[in-house]
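Heavy-atom basis, side chains included; hydrogens, waters and symmetry copies ignored. Remember, predicted model here, so these are calculated numbers, not experimental data. In what follows, every chain begins at residue 1, and chains take the letters A, B, ... in the order their sequences are listed.
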Amino acid sequence: MEKSAVLEMRGICKYFPGVRALENVDFTLREGEIHALMGENGAGKSTLIKVLTGVYPKDGGNIHLKGKESEVNIRSPQDAQNMGISTVYQEITLCPNLTVAENMYIGRTKSPLTNWKKINSDAEKLLQSLGIPAKAKQQLSSCSIAVQQMVAIARAVDMECKVLILDEPTSSLDEQEVEKLFKLMRDLREKGVGIIFVTHFLEQVYEVCDRITVLREGKLVGEYIIEDLPRVQLVSKMLGKEFDDMAEIKSESDTENIDYNGTPVYEATGLAGTTGIKPFDFSIHKGEVNGFTGLLGSGRSECVRAIFGADRVTGGIVKINGKKVNINKPLDAMKNGISYLPEDRKRDGIVGDLSVRDNIILALQVMKGFFRPFSRAQAEKFADEYIKLLNIKTASADTPIKSLSGGNQQKVILARWLLANPVYLILDEPTRGIDIGTKVEIQKLVLKLASEGKSVTFISSELDEMIRTCSRLVVMRDGKVVGELKGDDLNQNKIMATIAGGEGK
Amino acid sequence: MTTSGKTLKPNTSVKSALGRLASNQLFIPILALILLSLFVLIAKPSFFNIEFKNVDGNNILQGNLITVLDKASELAILAIGMTLVTSASGGQDISVGAMIAIAGSVVIRVVKGYAPDISGGQFAGMIITAFLLCVVVSALFGAFNGSLVAFFKIQPMVATLILFTAGRSIAQWINNNENITIKDNRFGYFGGFIPGVPIPTPIFITAICLGIMALVLKFTNLRLYSQSVGINASSSRLNGINPKMMKLLTFIILGVCVAVCGFIKVSRVSQIRYTTIGNAIEMDAILAVALGGNNLGGGKFNMTASVIGAYVIQFLTTALMSFKVPSTAIYAYKAVIVIVLVILSAPIVREKLNDLKKKLFSSQQTKVKEVS
Amino acid sequence: MTAPKKKQAEVQPKLNNKVALTETNLFLIITISVFFVMYVSAVVFLGGRFTKVQYFLDILNVYASLITLTCGMSLVMITGGIDISVGQVTSLVCMTCAVYLENKGGNVFVAFLIAIGIGLAFGLIQGLLVAYLNIQPFIITLAGLFFAKGLTTIICSDPLAIETNKAFLTLKGTHIKFGNNYIEIGVVVALATVIILFSVLRWTKLGRNFYAVGGNNQSANMLGINVKLTKFMAHLICGFCAGLGGWLLLMNLGSGNPANGEGAEMNAIASSIIGGTMLSGGVGNIIGSLFGVLSLATIKGIVPKLTGTSDDPWWPNITVSGMLCLFLILQSIIIARKNRKKA
């Protein structure tokens, strides 16, 4: 029995300068269903959501809503809300200093006066009917994040939304809270609301959703009924590799020279941080390239940040070449020969207004010390050397880094850390958002570094990149290390099965 | 001390060379200086007269230009510290005027205890003690402001509001609110003239301060670190810089600058007026930084531009005063300049201006293409 | 005196319902307690003039102007901004009205309109620049401060007492008597301002929007609130309060003086912060601001008594700054703890 569609998106296209973010994507949401929208980074999930909520204007295609005869034109988030499309974002977009009731009604009332009695009693009724454990008069910031999410949902429901978009609502919730949220979602499904659920937690998708739409690289992969799509299949669809396709890609790296019995270059036991990962053990040997894999949000970045001391480390023992060291802040790690290329290039990597030269010498300069600056000639020599070595395309070494393309910015950051001459180099998503040519260059560079005796941790969302470069993979799921693969196990099928876990055997 | 080491490529046309010049940070303050000079030159040519005069048996240079160079000393020194604070913390210190009162009060407190007829050696010792003590005290107050900003994450302007109010009262407290006049006329050398030297001493002190700062910028990583912290604190931290310590350091440096200013200020008049010393100088210092084309939101800075900005402001003040504008009314004129500058540097306005520029530029380029 | 008890009674059942104390209420209770503790201990331990009813009423008479300024300041601070021009605007208003009334023999009502007009003009321009051009409020109101300062001395650089304008003197001399004690009409105006603004913040859409914008202006935008207009309104109302405050100061002092409002912005900010308004925005209460001013006045009354010499003019100022520092650090710690909880 097919339920009627509340939302139909046909042939949606969206282009950004140089990027086709969405190409001919179809999406259908039916009444009373929970529909998961899945895809890895850059797949176009958030672009699709933003087109739907009027944040971006679409460049092609049309959108139909139930009850509206012609296609609708959504110009702003306000527009979307008025048409019954409400969004609850990962970051809570309510005001923490107001009460729960106020948050539900502010910005919507017509009268210039605030009728507290009515607002509070209305809110109380709605909260009760939805089973949300909050009091109307309670200050929002005193509620847990989950309850705050639910209040945002309640606001949306009260605005008589027909389409409710939940954009990664569970990423900061614990299991019980997720359970509460799911109950609310199921209740809403009973009431006939169509819910689009964006998440990267596979287990949650299989727990609560009816249907899955998978996007990859801005294109529609397909729409599936949940029972028809086993987990492993879903992972392979998201990553774009057929599960049965046994195309063996042998690691090109020469792993025979690695002395696995010797003292590891870096060794951590029970390393624990504050960013939601479980304590983990990890070690890496001279000349080895290893990788952390897992879907987005599985904790792979948090692990390497803990290794580098980028976030607060709360426990664990770290040894460098067998000697116990304390790494509490990035400078400690740098002085111990660890380099870290962060995942978010714009936020954590580049220093936008500074020149390419200053960006290249920054790390080495900091290690050298405040009172010992490089001479101008020395800095120029370093910069020119690495601009040539990594083939960085820039007008001059004086150009501000922010005016370079993404790939070249990434090379500058890479140059910065190579210049620091580390023994252990951590590269978190060095290939994200850059062109194919540069990607290959970076992978070659990683292998070259390893053959020179450096240890490298390489993280990428693209599996074949990892398989090609790494000799060992640490697999993570939901903040936990769930497996370690090497040798013959290092193939796509095995990796995907380990990532998926559960029934994926 | 400039940041830009751009080398002109051989093939650049005159137009793009002009464009390069216009994009240089020194362009705005120097242009302002030229425009102001032209205006004054037309309105009152005698403004630029400089002459030798014999005052108290001392041959000295006198004239409005000398006054500008002399009076701008404190401002130029303050601009150094203010530029650094702006760069690293993205905000400004509004307590510098009040802190000058404290610094001056400390100097007076030390000096007043000595008899006016002590020997040269004793006098030098006393001055050095006074100066060092005033540097330490000011640096401590700077550190106080800095720690509020760095560790408690209070906006710089709000954090410095505390000393902005309390500073002058603290200055009064240090000397029990007495009206002290230092009789020893050697004390006045630092703010006036040294016998036999025709140029005011503050000009030399400023030159020394600027020289020290130039050396510091050359031989330490102060510029790189504070710019990095101001542009992207998160990224700086991941590169091993401690953003909090950097912010603290810039406030301490500003404190030292304030100490020098306080010293010059009290030496000028050989006494301290708690409520008026360094009055509203914070406004001028911020204006100097803004006029130098530095982003008040932090990040890259150009020290030379700030210092030139300071001289431009003093030029404006002296010019207005020579036109008999009362000194307090000058605030109103400066406030208008600040507002105009701030509006012009607001991101929204900048974007609009950039769009306009692009339009003009692209039409030019098409023309060039047509010609070729 | 019943105010704190009443508040506690309200809070008690809430706590039983496991509803946490809101920051607004918490700060309000702290402020009111601080004030009562200080005042009562002044009465008990220092005695003298503190025991007289008229002393308390004189605090109101003298600080009526600051109360209105603080109301406006709190409003701007609740939206997450700040206005440091109010003190000098007060001076400008005093001076302009004094010149108009004394030298030009002007009409009292017109003078009042001039006062309000000046305040509104400052609020209007600063509000436009802050809200619609997104300029840091601090820098723009700093410029406003100096503009007002310069303008004041351009209008008249010497203190000017109003001695000949009969209508104004009558108005100034009008007191409301309670037996032997009295308050000036300025107090009534100031308290009315408190009540009106309190009601606006509590019961109107605009008032609640102030809180929403201060709490998180991006969220407020998502919730369908016109953030720019709200910020603009806050500055406009603050300008109005500055104009009104200037008029009240003139009524109290009877003279214009460039130094009249010197440091008033500071006192207003300090009172607001002591009264529980958070600099980061979103939290604050006008009643708290009133008690903030009263606390400030009490400190300024007590400190000279404690130091023994009433001619040490610096202690009150240093104490107030110290208290401001303390409250600022307290707020900063509260914010840091909240952020950590979230993460």
(request) Of all the heavy-atom pairs spanning A:Glu343 and A:Ser301, show the shortest one and how long it is. (result) OE1-OG, 2.9 Å
(request) Check the side chains of C:Asn209 and C:Thr230 for a donor-acceptor pair under 3.5 angstrom, ignoring hydrogens and angles. (result) no
(message) If you count heavy-atom pairs within less than 4.5 Å of chain C, which of A:Cys143, A:Ala134, A:Ser144, A:Gly107 leads?
(response) A:Gly107
(message) Looking at every non-hydrogen atom in both residues, tell me the closest pair between A:Arg305 and A:Asp311 and how far apart they are.
(response) NE-OD2, 2.9 Å
(message) Contact between A:Pro133 and A:Val147 at the side-chain level, heavy atoms closer than 4.5 Å - yes or no?
(response) yes
(message) For chain A, which candidate among C:Gly215, C:Ser219, C:Gly207, C:Gly214 shows the most heavy-atom pairs at distances under 4.5 Å?
(response) C:Ser219
(request) Report the relative orientation of the aromatic rings in A:Phe308 and A:Tyr340; use parallel for angles under 30°, tilted for 30 to 60°, perpendicular for over 60°. (result) tilted
(request) Can you check whether anything in residues 81-89 of chain A gets within less than 4.5 Å of chain C, heavy-atom wise, and list it by number? (result) A:Gln81, A:Tyr89
(message) Both conditions, 6.0 Å and 45 degrees, for the charged tip of C:Arg208 above the ring of C:Trp203: are they met here?
(response) no
(request) Measure across C:Ile225 and C:Ala212 and return the closest heavy-atom pair with its distance rounded to 0.1 Å. (result) CD1-CB, 3.6 Å
(message) Report which part of A:Leu98 has an atom under 4.5 Å of a heavy atom belonging to chain C: side chain, backbone, both, or neither.
(response) side chain
